[in-house]
Amino acid sequence: MMDDEEQIKDGSTSSCGSSGSEHQIVKPSSIQQMQQTNKRKNDLSNESFCDRFIIQNRGIFVTIFILPASFFLRLFHYIYDWYVYLFVNLSSRHDERVSHISAQVREAASQKKKMCTSRPGWHSMSLREGLYKKDSKVAKIEIPLRDVLELDEANLTVRVEPLVTMGQLSRYLRSKGYCLQVTPELDDLTAGGLVNGFGVETSSHKYGLIQHTCTRFEVVLANGDVVTCTETDRPELFSAIPWSHGTLGFLVSVDFKIIPCKSHVKMTYIPCHTQEECVDVFERESRDLTNDFVEAIVYTKEEGVVMKATLVDEVQRSQVNPIGYFWKPWFYKYVQTFLNSGETATEYIPLTHYFHRHTRPLFWEMEEIIPSGNALWFRCLFGWLGPPHVKLLKKTQTETIRRLYEQHHVIQDMLIPMGALADAINTFHDEIEVYPLWLCPMALLPSGDSGFMKPVVQDGQVVERMFVDVGAYGVPMVSNFEARGTLRRLESFVRRVKGYQALYADCFMSRDEFREMFDHTAYDTLRTSYGAVDAFPEIYDKISRAARR
């Protein structure tokens with residue numbers, strides 16, 4: 001079993017206990033780190049003593065307060081979910097709540113008010129909160145819908161309400177022997193947020209984005225009518241709901257396709273030491289549909305580890321690695337140890353552990369919040385409390401922390417055509433130099449062509465349907481990083497190669513540039529025909545940087 005524990009020495013090496021081998025850990029140069037540290041110190045010099053103290057000791061605050069609060073909040077939801085499942089008539093309660101939502105919408109429509117949900121902005125997974133939430137002229141519609149409603153084993157679908165989280169749904173389905181075709185990584189992501197916005201995972205090379213695995217939406221329209229839509233019933237609305245960010249109506253339930261699951265995945269790690277090798281291996285494995293899951297973690301401009309996995313029930317017990325236990329190393333740190341091995345390695349991972357492999361370190365964001373979080377002593381003492389709820393991290397941010405995040409931090413996902421992946425890695429390196437980068441393949445299936453996204457077309461012919469989600473989360477190491485200018489250059493690159501930006505992140509595009517990236521043809525027609533123009537903001541007015549704080 002591969003169970004190496006990392007011990008960072010002088011920030012440059014790690015030893016793997018079970019093998020006794022030494023692995024060089026690729027880190028940003030000390031000069032770059034010093035430059036970034038000095039820039040942040042200079043930015044803090046004018047802040048109050050209280051702000052400086054909170055920022056410099058945020059890891060301690062998160063450990064003492066946020067981690068325990070997150071643990072007990074998860075425990076409460078776990079108990080509550082099972083109580084509701086066992087003792088509450090979910091279908092009847094859903095109908096009653098949808099009727100109440102419809103009545104609220106009719107009341108707001110009669111007063112000619114624009115509408116949004118009453119859910120606080122800090123509950124979302126977006127780094128920022130929408131300013132429209134604070135507009136007293138906007139009607140706040142209560143949508144308390146967080147139940148798993150129905151499992152249809154005959155048709156292999158599950159019906160859920162929009163505030164059901166991926167952690168909640170994954171636990172429920174696993175207990176029944178199923179999983180989603182696409183199971184997005186972080187536990188706190190909600191079904192409604194993923195459908196209305198963006199949801200990609202390592203099975204997306206087979207099934208597309210999570211919205212491509214939906215079979216039915218239930219929506220409350222701007223006039224209060226409750227309608228359902230599928231590929232054959234109101235197909236134009238069904239195609240436009242994904243990416244619409246609640247600007248066509250309020251999503252009140254969604255049906256996802258499911259598949260029978262197995263107990264483990266057989267995971268293969270392929271270390272790559274040149275960019276050409278990394279891109280070639282990643283593309284080859286992404287286009288191989290015998291792989292159930294594919295991803296890569298890029299640690300430098302030239303080096304990365306490509307991972308492929310298949311669902312299995314039969315395993316070699318000596319090679320089973322339950323990576324999700326709280327005392328285990330963070331997944332991306334563990335994967336990094338394969339870089340210097342020079343050989344492909346294979347092991348077996350329990351399925352639930354695989355689905356949530358990036359949850360404990362929030363990919364690699366926890367290192368910025370709690371620098372000692374991956375140390376063995378910290379994992380053993382405090383790991384069982386984590387991970388922290390993102391909404392609690394957001395709620396406890398000070399204005400100074402928000403400003404520093406904007407000035408010195410990047411959280412972006414860009415969908416890039418597979419053929420432009422090498423250019424994307426080079427561009428991300430030149431503009432931000434944030435590592436690791438997460439690479440996740442995504443096929444744009446023909447059924448999704450009528451929505452906001454389109455395949456790459458040349459001379460009237462589709463030439464590429466395979467995209468790559470390039471995820472950058474961390475502190476830019478370039479010396480000339482300036483949030484607005486730098487990210488606008490990245491957005492320009494993405495438009496040029498016919499890619500797309502995930503809209504939970506900062507978007508600095510103009511309205512015209514945004515419409516150049518996303519096809520609004522059907523959306524504009526539906527906004528008019530369904531009376532949404534006067535009832536809901538346009539997408540751009542909800543997701544642009546000017547609309548968020």
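Positions are given from 1, in the same order as the sequence printed here.
With hydrogens and angles ignored, the 3.5 Å screen pairs a side-chain donor or acceptor of Asp313 with a backbone N or O of Ser263. A donor-acceptor pair is defined here as one N or O able to donate and one able to accept, closer than 3.5 Å; such a pair exists between the side chain of His353 and the backbone of Gly324. At least one donor-acceptor pair under 3.5 Å links the side chain of Tyr299 to the backbone N or O of Gln336. In terms of modelled atom types and a separation under 3.5 Å, the side chain of Lys542 and the main chain of His245 share a donor-acceptor contact. Without hydrogens or angle criteria, Thr396 side chain to Leu393 main chain gives a donor-acceptor distance under 3.5 Å. In this structure, the side chain of Arg545 does not engage the main chain of Asp506 through any donor-acceptor pair within 3.5 Å. Looking at Gln316, its side chain never comes within 3.5 Å of a backbone N or O of Gln319 through a donor-acceptor pair. For Thr344 (side chain) and Ile270 (main-chain N/O), no donor-acceptor pair under 3.5 Å exists by modelled atom type. Put simply, the side chain of Ser492 never gets that close to the backbone of Arg489: no donor and acceptor are under 3.5 Å apart. At least one donor-acceptor pair under 3.5 Å links the side chain of His212 to the backbone N or O of Leu209.
Between Trp82 and Ser175, the closest heavy-atom pair is CH2-OG, 4.4 Å. Contact record, Pro350 with Val320: CD-CG1, 4.3 Å, taken as the closest heavy-atom pair. Between Pro441 and Val294, the shortest heavy-atom contact is CD-O, 3.2 Å. Closest non-hydrogen pair, Glu347 versus Tyr269, comes out as OE2-OH, 2.5 Å. Nearest heavy-atom pair across Arg360 and Tyr325 is CZ-O, 3.5 Å. Closest non-hydrogen pair, Ser203 versus Val182, comes out as OG-CA, 3.5 Å.
Between Leu490 and Phe428 there is a side-chain heavy-atom pair separated by less than 4.5 Å. Taking the side chain as every heavy atom from C-beta outward, Ile297 and His358 approach each other to under 4.5 Å. At least one side-chain heavy atom of Leu421 sits under 4.5 Å from a side-chain heavy atom of Val470. Under the 4.5 Å side-chain criterion, counting only non-hydrogen atoms from C-beta, Thr165 is not in contact with Leu169. Side-chain contact between Ile416 and Val494: present, with at least one pair of heavy atoms (C-beta onward) separated by less than 4.5 Å. By the 4.5 Å heavy-atom criterion applied to side chains, Leu194 and Gln211 are not counted as neighbours. Contact of the Met418 side chain with the Phe282 side chain is registered, since non-hydrogen atoms from C-beta on lie closer than 4.5 Å. Residues Met442 and Met466 form no side-chain contact, since every pair of their non-hydrogen atoms from C-beta on lies 4.5 Å or further apart.
Side chains of Thr359 and Glu185: a donor on one and an acceptor on the other come within 3.5 Å. Between Tyr207 and Glu201, the side chains place no donor N or O within less than 3.5 Å of an acceptor N or O (distance only, hydrogens not considered). For the 3.5 Å distance criterion, the side chains of Thr202 and Tyr354 qualify, holding a donor opposite an acceptor. Using modelled atom types and a 3.5 Å distance limit, the side chains of His408 and Glu368 yield no donor-acceptor pair. Ser170 and Thr183 share no donor-acceptor pair across their side chains, judged by distance under 3.5 Å alone. Between the side chains of Lys328 and Asn321, at least one donor N or O lies within less than 3.5 Å of an accepting N or O. Inspection of the His205 and Asn291 side chains reveals no N or O donor paired with an N or O acceptor under 3.5 Å.
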* Test side-chain contact (heavy atoms from CB on, under 4.5 Å) on Leu415 and Met453 and set out the steps. => CA-CA 10 Å; Leu415 289 168; Met453 297 179 63; 3.8 Å; yes
* **Residues Tyr85, Tyr172; criterion side-chain contact (heavy atoms from CB on, under 4.5 Å); working and verdict** => CA-CA 10 Å; Tyr85 175 71; Tyr172 171 81; 3.6 Å; yes
* Report the C-alpha separation of Phe493 and Asp423 in whole Å, then their side-chain angles, then the decisive distance to 0.1 Å, and conclude whether the side-chain contact (heavy atoms from CB on, under 4.5 Å) test is met. => CA-CA 9 Å; Phe493 165 77; Asp423 286 344; 4.0 Å; yes
* Dump the intermediate steps for side-chain contact (heavy atoms from CB on, under 4.5 Å) on Leu439 and Val298, then the final yes or no. => CA-CA 8 Å; Leu439 305 184; Val298 176; 3.6 Å; yes
* **Chi angles and distances behind the salt bridge (charged side-chain N to carboxylate O under 4.0 Å, His left out) call for Lys333, Glu367** => CA-CA 11 Å; Lys333 290 289 191 182; Glu367 187 171 22; 3.5 Å; yes
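Going from atom CG of Leu189 over to atom CD1 of Ile210 covers 9.0 Å, rounded to the nearest 0.5 Å. To the nearest 0.5 Å, atom NZ of residue Lys395 and atom CG of residue Leu392 are 10.0 Å apart. Distance CD/Gln412 to CD/Glu431: 12.5 Å, rounded to 0.5 Å. Taking CG from Leu180 and CZ from Phe355, the interatomic distance works out to 7.5 Å, rounded to the nearest 0.5 Å. Here Ile432 contributes atom CD1 and Asn480 contributes atom CG; the two are 11.5 Å apart, rounded to the nearest 0.5 Å. Distance check: Cys179 SG to Ile258 CD1 gives 8.5 Å after rounding to the nearest 0.5 Å.
Taking the six-membered ring where tryptophan is involved, the planes of Trp364 and Tyr473 are tilted, since the angle between them lies from 30° to 60°. Relative orientation of the Tyr334 and Phe331 rings is tilted, given thresholds of 30° and 60° on the angle between their planes. Ring planes of Phe65 and Phe61: tilted class, angle from 30 to 60°. Taking the six-membered ring where the residue is Trp, His429 and Tyr435 present tilted rings, their angle falling between 30° and 60°.
No salt bridge links Arg146 with Glu161; every basic N to acidic carboxylate O contact stays at or beyond 4.0 Å. Using a 4.0 Å cut-off between a side-chain N of Lys or Arg and a carboxylate O of Asp or Glu, Arg74 and Asp187 do not qualify as a salt bridge. For Asp292 and Lys206, the salt-bridge test passes: some basic side-chain N is under 4.0 Å from an acidic carboxylate O.
Ring centroid separation for the pair Phe71 and Trp384 comes in under the 6.0 Å cut-off.
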Could you go through residues 272-279 and list every donor-acceptor pair under 3.5 Å that involves a side-chain atom there, pairing it with any protein atom two or more places apart or in another chain?
{"unit_1": "His273", "atom_1": "ND1", "unit_2": "Glu303", "atom_2": "OE2", "d": "2.9"}
{"unit_1": "His273", "atom_1": "NE2", "unit_2": "Leu339", "atom_2": "O", "d": "2.7"}
{"unit_1": "Thr274", "atom_1": "OG1", "unit_2": "Glu277", "atom_2": "N", "d": "3.1"}
{"unit_1": "Gln275", "atom_1": "NE2", "unit_2": "Lys301", "atom_2": "O", "d": "3.2"}
{"unit_1": "Gln275", "atom_1": "NE2", "unit_2": "Asn426", "atom_2": "OD1", "d": "2.8"}
{"unit_1": "Glu277", "atom_1": "OE1", "unit_2": "His273", "atom_2": "N", "d": "3.0"}

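Thr352 pairs with exactly one of Arg174, His264, Arg357 by the side-chain hydrogen bond (donor to acceptor under 3.5 Å, both in side chains) rule, that one being Arg174.
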